[in-house]
Amino acid sequence: YEITIVTGVQTCALPISKANAQIFRRIIPLLKSSNIILFIINHINQKVEINPFAKSKSQVSYLKQGETLPGGNTPIYLSNNIIRFDDHSKLKEEETFGIDGTMVDLTLVKSRTNKAGKAITLIFDQEKGYDQELSLFLMLKNAKLVNGAGAYLYLGDRDDIKFSQKKFKEKLAENEELREIFKNLVIEYLTSELDSEDPLQEDEYKSSVTDSILHDLTNIEAA
């Protein structure tokens, strides 16, 4: 299902806020009964302060100073998760990862089930979109699980298989052993980061997370 919701227009913000509130209150029970997840795309605007010397409270704790989400407070209140994307650090094909693109910080601004304020950096390829393998590689690198330097990088303690950052995807595609090391290291790191706080459910929780990660990594295959 594709559902479009207008979240804010400066010239008629109040009517749109009321319309959004009515739409959300009517549609959410229908979505729950049909097991449909609703995704809404909104833009973060700069807040216009009547008194520039008195800063008003943010709509959500992890919005930055002076930021606001248009469309009224009802969508914000009823949303289970609010995720922001901030692009930065341009990437050039002849440098870094061998692609033209940007790094994008993904941050949980609000969550009913997870820890708000947590962030991770993704790699966006201008030609192919978000790159799963490079994003996971960067995650491991930021966790200090990529060792070595220059053209002699290696994963974890496996210094018998080396590669350069720019040639990582190429090496990953052609080397089955490296793919297996990469998958296992990603699963080990993510399951440790996503531990359940309930020890009675920990094994079941880790198993479900592992199955999900393995499913997402099935696209890492030989070229």
Would you say [X]'s side chain and [Y]'s backbone share a donor-acceptor pair under 3.5 angstrom?
X	Y	result
Asn20	Gly71	yes
Asn147	Gly156	yes
Ser111	Thr113	yes
Ser192	Tyr189	yes
Ser34	Leu31	no
Asn42	Pro70	yes
Lys166	Glu94	yes
Glu67	Lys64	yes
Lys110	Tyr77	yes

Are [X] and [Y] packed together at the side-chain level, in the sense that at least one heavy-atom pair is separated by less than 4.5 angstrom?
X	Y	result
Met103	Ile123	yes
Ile44	Leu69	yes
Glu133	Phe97	no

Is there a path of hydrophobic side-chain contacts, each under 4.5 Å between heavy atoms of I/L/V/M/F/W/Y residues, joining Val186 to Leu106?
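Cluster IDs for Leu106 and Val186 match.
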Hydrophobic cluster membership, Ile120 vs Leu138, 4.5 Å side-chain cutoff:
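Per the 4.5 Å side-chain linkage, Ile120 and Leu138 are co-clustered.
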Stepwise, does the side-chain contact (heavy atoms from CB on, under 4.5 Å) test hold for Asp87 with Phe85?
CA-CA 6 Å; Asp87 64 328; Phe85 294 80; over 6 Å; no
Value rounded to 0.5 Å, distance of [atom1] in [X] from [atom2] in [Y]:
X	Y	atom1	atom2	result
Leu145	Asp157	CG	CG	10.0 Å
Phe39	Asn81	CZ	CG	9.0 Å
Ile23	Leu38	CD1	CG	10.5 Å
Gln46	Gln65	CD	CD	10.0 Å
Thr102	Asp125	OG1	CG	9.5 Å
Phe24	Thr74	CZ	OG1	8.5 Å

Restricting to ring-ring contact (aromatic ring centres under 6.0 Å, His included), what partner residues turn up for Phe168, sequence neighbours left out?
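Applying ring-ring contact (aromatic ring centres under 6.0 Å, His included) to Phe168 gives Phe137, Phe163, Phe182.
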So Leu108 and Lys115, side-chain contact (heavy atoms from CB on, under 4.5 Å) or not? Walk me through it.
CA-CA 8 Å; Leu108 268 179; Lys115 187 176 181 181; over 6 Å; no
Please check if the number of heavy atoms outside [X] that lie under 6.0 Å from its [atom1] is greater than 12.
X	atom1	value
Arg112	CZ	yes
Tyr130	OH	yes
Glu95	CD	yes

Give the C-alpha distance, both sets of side-chain angles, the deciding distance and a yes or no for side-chain contact (heavy atoms from CB on, under 4.5 Å) between Gln165 and Val146.
CA-CA 10 Å; Gln165 181 170 268; Val146 178; over 6 Å; no
Would you check, one step at a time, whether the test side-chain contact (heavy atoms from CB on, under 4.5 Å) holds for Glu127 with Ile99?
CA-CA 9 Å; Glu127 182 179 344; Ile99 62 170; over 6 Å; no
Do Thr68 and Asn45 have side-chain N/O donor and acceptor atoms under 3.5 Å apart?
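Thr68 vs Asn45: no donor-acceptor pair found between side chains.
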